[in-house]
Amino acid sequence: MKKHLLAIRWIVTGLFSAALVAVCAGASGETTNALPDYHALVQSSDRSDTDRKADERRKPEQLLAFSGVKTGMKVLDLGAGGGYSTELLARAVGPLGVVYAQNARAREPFDERMKNPVMKNVVPAIRAYDDPVPPEAKNLDLVTVFLVYHDITFMPVDRAKMNKALFAALKPGGHLVVIDHSAKTGAGATVGKSLHRIEEATLRQEVEAAGFKLEAEDNFLRDLNDSRDVPFREMSNMLTDRFALKFVRP
């Protein structure tokens, strides 16, 4: 009889704890693993005019949808730069999630952005690309590398080591999403500095060598009118042909 009463006690205690977690999550207006309203997120009134202008070429709703970012996720934004994508990810994961924002050096625009209340769940990380993951960033749900992989190709970076570090930081089933400016077939990683581009096949080969498997690709940033032989900064509105690849850690 006592064993039955003890079992019932543990069941009731467990249910109470689960209910308490649910109430706390509800109080914050968030639940984990929920799919955010990307449209409403992008239309938030507190986003800057600069970011809204960048939306025209960055297509944030499609970007977030392709990435599959959800509330409560743990995310690493590699090469965060000024924080445009970092802020979008922070809004998507909500107060129950966290976004680690890696940069190889301090950036004033990013530091200014960190003053915004919406960035309170962002953890800045000044780290080398060879060793980009903070020690506490384990079992990540998502890693994003937006428009920066081509830059890494002309830096003194061991990209194989970097990709393996990203693989190790992700939980099984976690995703790596890479978007970059497309170079011509055969260009490989040789035009990163001159054209700020990289051949899609080369990037895919390097990432897959770390153990990743390609899960999906999307054409929402493709532009077949791009000759792919001009630096993107010299193009009208910087509208290049960009590929979007989603890899998974098996």
Option passing side-chain contact (heavy atoms from CB on, under 4.5 Å) with Val99 (candidates Leu142, Val69, Leu89): Leu89

Donor-acceptor pair, [X] side chain versus [Y] backbone, under 3.5 Å?
| X | Y | value |
| --- | --- | --- |
| Asn219 | Arg222 | no |
| Asp51 | Arg47 | no |
| Arg228 | Ala183 | yes |
| Thr71 | Val93 | no |
| Asn121 | Val98 | no |
| Glu208 | Lys213 | no |
| Arg107 | Ala80 | no |
| Asp77 | Thr86 | yes |
| Lys161 | Asp131 | no |
| Asp158 | Ala160 | yes |

Can you check side-chain contact (heavy atoms from CB on, under 4.5 Å) on Val42 and Asp55, steps first, answer last? CA-CA 9 Å; Val42 170; Asp55 289 348; 3.9 Å; yes

Transitive ILVMFWY side-chain link [X] to [Y], under 4.5 Å:
| X | Y | answer |
| --- | --- | --- |
| Phe146 | Leu221 | yes |
| Val143 | Val123 | yes |
| Ile179 | Ile198 | no |
| Phe232 | Val178 | no |
| Met73 | Phe167 | no |

Can you name the closest pair of heavy atoms from [X] and [Y] and give their distance?
| X | Y | result |
| --- | --- | --- |
| Ala104 | Ile126 | O-CG2, 3.8 Å |
| Val122 | Ala90 | CG2-CB, 3.6 Å |
| Phe212 | Val207 | CD1-O, 3.5 Å |
| Leu76 | Leu140 | CB-CD1, 3.7 Å |
| Pro134 | Ala125 | CG-CB, 3.7 Å |
| Gly68 | Tyr38 | C-OH, 4.0 Å |

Would you give the length of the straight line joining atom [atom1] of [X] to atom [atom2] of [Y], rounded to the nearest 0.5 angstrom?
| X | Y | atom1 | atom2 | result |
| --- | --- | --- | --- | --- |
| Glu199 | Glu206 | CD | CD | 10.5 Å |
| Leu41 | Glu61 | CG | CD | 9.0 Å |
| Leu166 | Arg159 | CG | CZ | 13.0 Å |
| Asp241 | His181 | CG | NE2 | 10.5 Å |
| Asp111 | Met114 | CG | CE | 8.5 Å |
| Leu63 | Arg242 | CG | CZ | 10.0 Å |

Go through the steps for Leu147 and Arg58 under the test side-chain contact (heavy atoms from CB on, under 4.5 Å), then give the verdict. CA-CA 10 Å; Leu147 305 174; Arg58 299 288 291 266; 3.7 Å; yes

Sorted by chain and residue number, the side chain to side chain donor-acceptor pair (under 3.5 Å) partners of Glu215 (sequence neighbours excluded) come out as His175

Would Lys246 and Phe66 count as a cation-pi pair here, with the cationic atom under 6.0 angstrom from the ring centre and within 45° of the axis? yes

Is the shortest heavy-atom distance from the side chain of Leu203 to the side chain of Leu245 under 4.5 Å? yes

Just wondering, do Glu217 and Phe243 contact through their side chains at under 4.5 Å, heavy atoms? no

Any donor-acceptor N or O pair under 3.5 Å, side chains Asn103, Tyr129: no

If we ignore angles and hydrogens, is there a donor and acceptor under 3.5 Å between the side chains of Tyr100 and Glu136? no

Is the shortest side-chain N to carboxylate O distance from [X] to [Y] below 4.0 Å?
| X | Y | answer |
| --- | --- | --- |
| Arg204 | Glu200 | no |
| Arg113 | Glu87 | yes |
| Lys164 | Asp130 | no |
| Asp141 | Arg249 | no |

Please step through side-chain contact (heavy atoms from CB on, under 4.5 Å) for the pair His150 and His196, ending with a clear verdict. CA-CA 6 Å; His150 71 270; His196 290 276; 3.4 Å; yes

What verdict does the salt bridge (charged side-chain N to carboxylate O under 4.0 Å, His left out) test give for Asp226 and Lys184, after you've listed the backbone C-alpha separation in whole Å, the side-chain angles of each residue and the deciding distance to 0.1 Å? CA-CA 10 Å; Asp226 179 12; Lys184 284 187 172 182; over 6 Å; no

Would you check, one step at a time, whether the test side-chain contact (heavy atoms from CB on, under 4.5 Å) holds for Thr240 with Arg197? CA-CA 10 Å; Thr240 59; Arg197 297 171 180 267; 3.8 Å; yes

Is it the case that atom NZ in Lys70 sees more than 12 heavy atoms from other parts of the structure closer than 6.0 Å? no

